[in-house]
K.L.:
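Starting off with a structure, shown below.
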Amino acid sequence: MVLAYLTLIPFLGAVLTKLSTRLGRYSSAWVAILSATLALCLLWAPAQQVWQGSSVVQQVALWVPAMDVNLAFRLDGLSLLFTLMILLIGLIVVIYARYYLSPRDSMGRFYAYLLLFMGSMLGVVLSENIIQLLMFWELTSLSSFLLISYWQQREEASRGARMALTITGGGGLAMLGGFLLLGNMAGSYELSDILLAGDTIRSHAHYPYMLVLILLGVFTKSAQFPFHFWLPNAMAAPTPVSAYLHSATMVKAGIFLLARLFPALSGTQEWTLIVSSVGIITFIMGSYFALSKHDMKALLAYSTISHLGLIVALFGIGSPLAVVAGIFHIINHATFKASLFMMAGIVDHETGTRDMRQLRGLRRYMPHSAVLMVIAAAAMAGIPGLNGFISKEMFLAEVVQHGHASSHPWLLPVIVTAGAIFSAAYSLRIAHNVFFGAEPKDLPKSPHEPSRGMQVPVEILVIACIVIGLFPQLAQPLVTLVADSTLQHAAPEFHLAIWHGLTPELLMSAVALLGGIIVYTKREIFFSLQTHLDGKLDAKMIYNGLMRRLFALSSVITMNADNLSQKRMLWILFVTSIALGAYGFFSGGSPLAGDRPMLPVDPMSAMVAIIMMVAAVSTVIMHQQRFTSLVLVSAVGLGVALTFVKFSAPDLALTQLAVEFITAVLLLLALFFLPQTTPDEQDRLRQGRDVAIALVAGIGIAALSYAVLTRDYTSIADYFIANSISGGGGANVVNVLLVDFRGFDTMGEITVLALAGLGIYAMLDQLKLLSPKQDAEGRPWNPDTHPLVLATFSRILLPLALLVAVFILLRGHNQPGGGFIAGLITSAALIVQYLANGVEWTRSKLPANTHPLIGYGLLVAASTGIASWYFGYPFLTSTFNHLHLPVLGEFELASAMAFDIGVFLVVVGTSLLILINLGMIHQVSYLPRIHKPASGKDAKTSRSQRGSNTLPIPSDTIKQKKGMPWKH
Amino acid sequence: MEALISILIGILTAGGVYLCLRSHTFPVVLGLTLLSYAVNLFLFMMGRLVIGKPPIITEQASNYADPLPQALVLTAIVISFAMTAYIIVLALKARTEMGNDHVDGKEIR
């Protein structure tokens, strides 16, 4: 479990940093430091085991056992190395960023993102299950997106972040495909199994596809050619982010995966060809382009690309010693590149620019920084005595070895030496150009040494460069451990040392360094060459072009499907459904009617059905008269309720009745603000076409219903009926289904209901609806809205109605009823109060704000579900007991009852929220006319007041017959 | 009876489809209401037509109507109420913002 906790800590830290910002600006930095330190402490015990040569695999939980996806963590030499890099360099970057960020930047947000990224990275390197690994892999893409776009107001930051996300996200998608294939081949998604199944995997017919897919993921993440261009664009990130993500972690995730899967995938021709050639091309291309970048960070970005290419090439060559060299270079690159990025940040921070055409001679102002920079750059160039030298020598040796096997043994070493020459030249440039030469002029800030807090992190790393460079044997045990676990067998004897005698690689190194000095002095040639090449054959341009085309294509598709006409979209939808349905009908070939015996038609049912049909048809015919059609459609609704009664569905009938009432009130309210008639549509041809579609759709549905109704079927209902009382403790199976068997569905449904209510509330907020002062014929609306009889009786009826609602709620588990119906009845009873007495009066008696009701409802429903966890049962398991209460009789006390109360509260809250808010707009719109709002405690007084105040309606409004009443 | 109910559902559907294809908001809302009646009835009928056997377990009754479609339709009724409310308020909002009650906010020819 300890590895799981270790991964979890940064995520928890991310939450805490955001919260801790209240305690002061720097508290979030402390949280980040503590998180990384705590994780390091937790690492101690398992690291001990790994050091002794065993790998630690911890199964945490079954996640999707049916698909062999589990939560499991693994620590061995390779993941130990990466975990150490993530945590140690993370810690250093955290300290550095504390001094780097300006007071304008939000520290809490920065550290929250950084910790999020740290946790995701730990997840990648510690995962035992590759699906879980992929999940964390995607999380690194997402969190790096957040980090790159940290300065959200900058255009290039969001552009760079988007590009990085597109490329690495696309790679992740390819990798998912590759992992699925890989898991299929190995018969397991666990790394322990995959690493042992190398032979099976390599001989599998799908091996090449799987390899290409996984390598796509690796190459996009590690910025390999031709996907390298996102990395320079990601330099819009704050420099600590670049130092962390683009030296030691994010881009190394691809390398990690290459090393992780090395025993399973490597050793084939495809592997060697693809991986080594991509690596070599990237190495040379990166080092060439790095030289002519004038921005320090851009230079470092290309140099990172180049060094990643070097490591990839080593894994591509694939001999055990090449792997050892690759691992050693991973460590060395992380140390010198992180320090160089931080140095670039220091220069930027203290001078205000990173442009090397402006920067020069800074050693006069920042002598200490100059020393650090020179050492780090020398390590990157591969000067003897520093760590970069040793791993670069090993690389060159492997290239020479590998070249021997080909037909032109000299070709590869020459190409690589050319790359190394540029590598030395750009290293020289970043140190010499910035810190040496003439006096700097026109810098945005006057340069000076940075605060110690920014220098110390760099010093730690630079000292590491020197120590490893002088005493490489110190790194020997770690590299051996990592190499053993990468190869899955003991690495061959090797010896990390500075001096190996006069070897070809030493000659190549010497040529590279001398050549580098010459190239650097003649750098202007390359600059002018680069300005000529600028804008041609640029991978970024190709990417942008592709993206533009993709957007154009998708907008063409969208505009074809959606020409901003709802009619047309619905038309397409209906016609497609009809066509698909018709195809099913005519291709099946079975008769329309089945052999289930039909029920006889009784006169009453026939009458109701005919009334419904007539009402429906009249609704359509008279739809231009909106009020009439509303009444007619309500008649259909009542008919539906009767149908439910007839066919043994009392719960549905009750629900339908209550909903019908509320809907009618709602539509009437809304209709008040809308035109009372619909203008005639002139286009008879279109109308005819719509009639045809409607008829075909109707006939199709009727035929389908008939075909279904005349056939027998098997249902899973028997289970619910048999277990309703024993399992759910209720006799009303429909209600038990809602609150018990399918409680989770209901939970989702009341959430949807609540969201719809809140959405409506949001739409009505600030909405100014001007109500018409007269109807379509110019007659003024009757302001006497609250007839006395209705008002009086509604008040008497309220307690009775509420009692009925409570009764229906309580009995719902055994008799028709339940939360939904009781909620609707309660709302109906309360809405009647609003109708009869007016919004103002009712609002003074009842709380108008029903948001809390919705919230409590959801809370009650969810906590009943969660309560069952407490007793060790799955979410929403219910329990029940029978009580005997006087008067009420046998009474059921089920935990599902609490859930039903939650449902009840949400239904009441939502329906009232909708209607009250619409009603209040109505009231507000009345105010100009009713000078005194009806807020009096006594209905009589307010009525008499209104009576005297509402009569004088300006005569011009009455005359304004054809004016648009809502546009006053 | 089965034929009668099928025709009823067919007519409700036809009316709903026709009204949904109108170009002003209020008829479309009515059309959606009719369509949701049709859909709810159709779903409900998947349990076949059973008379006088509500799914409430008693000692006397031996078989019951299928409770599953009923439970589904019960929530569907409530959700379609929420949907109708949402759409009608959307129509009101559109009316205020655009000055007309055309479904697309303007006449498209």
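Within every chain, numbering begins at 1; the chains are lettered A, B, ... in the order of the sequence lines, protein sequences first and strands thereafter. Basis for what follows: all heavy atoms, side chains included, without hydrogens, waters or symmetry-related copies.
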K.L.:
Minimum heavy-atom separation for Leu30(B) to Ser629(A), with atom names?
P.N.:
CD1-OG, 3.2 Å

K.L.:
Does any backbone or side-chain atom of Ile5(B) lie under 4.5 Å from a heavy atom of chain A? Answer side chain, backbone, both or neither.
P.N.:
side chain

K.L.:
Counting heavy-atom pairs closer than 4.5 Å to chain A, which one of Leu92(B), Ile88(B), Leu90(B), Val103(B) comes out on top?
P.N.:
Leu92(B)

K.L.:
Can you give me every donor-acceptor pair (side chain of residues 10-22 of chain B, partner residue at least two apart or in another chain, under 3.5 Å) with its distance?
P.N.:
residue, atom, partner, partner atom, Å
Thr13(B), OG1, Ile9(B), O, 2.6
Arg22(B), NE, Tyr18(B), O, 3.2
Arg22(B), NH1, Glu681(A), OE1, 2.9
Arg22(B), NH1, Glu681(A), OE2, 3.3
Arg22(B), NH2, Asp690(A), OD2, 2.4

K.L.:
Does any pair with a residue in residues 650-661 of chain A pass side-chain hydrogen bond (donor to acceptor under 3.5 Å, both in side chains), and if so which ones, sequence neighbours excluded?
P.N.:
Asp651(A)-Asn732(A), Gln656(A)-Glu660(A), Glu660(A)-Tyr37(B)

K.L.:
Taking Ala703(A)'s backbone N and O only, do any of them form a donor-acceptor pair with Ser6(B)'s side chain (distance below 3.5 Å, no angle check)?
P.N.:
no

K.L.:
Tell me, side chain or backbone of Thr678(A) under 4.5 Å from chain B's heavy atoms, or both, or neither?
P.N.:
side chain

K.L.:
Let me know if Met83(B) has heavy atoms under 4.5 Å from chain A in its side chain, its backbone, both or neither.
P.N.:
neither

K.L.:
Charged N to carboxylate O below 4.0 Å: is that the case for Asp101(B) and Arg626(A)?
P.N.:
yes

K.L.:
If I compare all heavy atoms of Pro816(A) with all of Ile56(B), which pair ends up nearest, and what's the gap?
P.N.:
CD-CD1, 3.2 Å

K.L.:
Who wins among Thr33(B), Leu41(B), Thr84(B) for the most heavy-atom pairs under 4.5 Å with chain A?
P.N.:
Leu41(B)

K.L.:
What part of Ile721(A) gets within 4.5 angstrom of chain B, counting heavy atoms only: side chain, backbone, both, or neither?
P.N.:
both

K.L.:
Select one option (side chain, backbone, both, neither) describing which atoms of Phe42(B) are under 4.5 Å from chain A's heavy atoms.
P.N.:
side chain

K.L.:
For Phe647(A) and Met45(B), which heavy atoms make the closest approach, and how far apart are they?
P.N.:
CD1-CE, 4.3 Å

K.L.:
Can you give me the closest heavy-atom contact between Ser648(A) and Lys53(B), atom names plus distance?
P.N.:
OG-N, 3.0 Å

K.L.:
Could you walk me through whether Met613(A) and Leu8(B) pass the side chain to side chain contact (heavy atoms under 4.5 Å, CB included) check?
P.N.:
CA-CA 6 Å; Met613(A) 290 176 198; Leu8(B) 175 63; 3.8 Å; yes

K.L.:
Quick one: does Lys93(B)'s side chain have a donor or acceptor within less than 3.5 Å of a partner on Met763(A)'s backbone?
P.N.:
yes

K.L.:
Looking at Pro27(B), Ala82(B), Ser80(B), Ala91(B), which one has more heavy-atom pairs under 4.5 Å with chain A than the rest?
P.N.:
Pro27(B)

K.L.:
Can you tell which part of Phe820(A) gets under 4.5 Å to a heavy atom of chain B, answering side chain, backbone, both or neither?
P.N.:
side chain

K.L.:
Which bit of Leu666(A) is near chain B, if near means a heavy-atom gap under 4.5 Å: side chain, backbone, both or neither?
P.N.:
side chain

K.L.:
Below 4.5 Å, heavy-atom pairs only: which of Gln815(A), Arg742(A), Arg711(A) has the largest tally toward chain B?
P.N.:
Arg711(A)

K.L.:
Under a 4.5 Å heavy-atom cut-off, does chain B meet the side chain of Phe574(A), its backbone, both or neither?
P.N.:
side chain

K.L.:
I'd like to verify something: which residue of Val601(A), Leu570(A), Leu674(A) has the highest number of heavy-atom pairs under 4.5 Å with chain B?
P.N.:
Leu674(A)

K.L.:
Regarding Glu2(B) and Thr710(A), do their side chains bring together a donor and an acceptor under 3.5 Å, going by distance alone?
P.N.:
no

K.L.:
Do Arg596(A) and Arg48(B) make a side-chain contact, defined as non-hydrogen atoms from C-beta onward lying under 4.5 Å apart?
P.N.:
yes

K.L.:
Using a cut-off of under 4.5 Å on heavy-atom pairs, state which of Ile914(A), Val636(A), Thr663(A), Leu824(A) scores highest against chain B.
P.N.:
Val636(A)

K.L.:
If we define contacts as heavy-atom pairs under 4.5 Å, which of Leu709(A), Val620(A), Ile701(A) has the most with chain B?
P.N.:
Leu709(A)

K.L.:
Heavy atoms only, distances under 4.5 angstrom: which of Gly637(A), Ala697(A), Gly818(A), Ser724(A) has the most pairs with chain B? Name it, please.
P.N.:
Gly637(A)

K.L.:
May I ask you to check whether over 12 heavy atoms, not counting those of Tyr719(A), lie within 6.0 Å of atom OH?
P.N.:
no

K.L.:
As an exercise: rank Pro69(B), Pro55(B), Gly52(B) by heavy-atom pairs under 4.5 Å with chain A and give me the winner.
P.N.:
Pro55(B)

K.L.:
With a 4.5 angstrom heavy-atom cut-off, is it the side chain or the backbone of Asp718(A) that approaches chain B, or both, or neither?
P.N.:
neither

K.L.:
Grab the two heavy atoms, one from Ala606(A) and one from Leu4(B), that are nearest each other, plus how far apart they are.
P.N.:
CA-CD2, 3.9 Å

K.L.:
Among Thr58(B), Ile79(B), Val89(B), Leu74(B), which residue forms the greatest number of heavy-atom pairs with chain A at distances under 4.5 Å?
P.N.:
Leu74(B)

K.L.:
Tell me the closest heavy-atom pair linking Met1(B) and Pro600(A), and the distance in Å.
P.N.:
CE-O, 3.8 Å

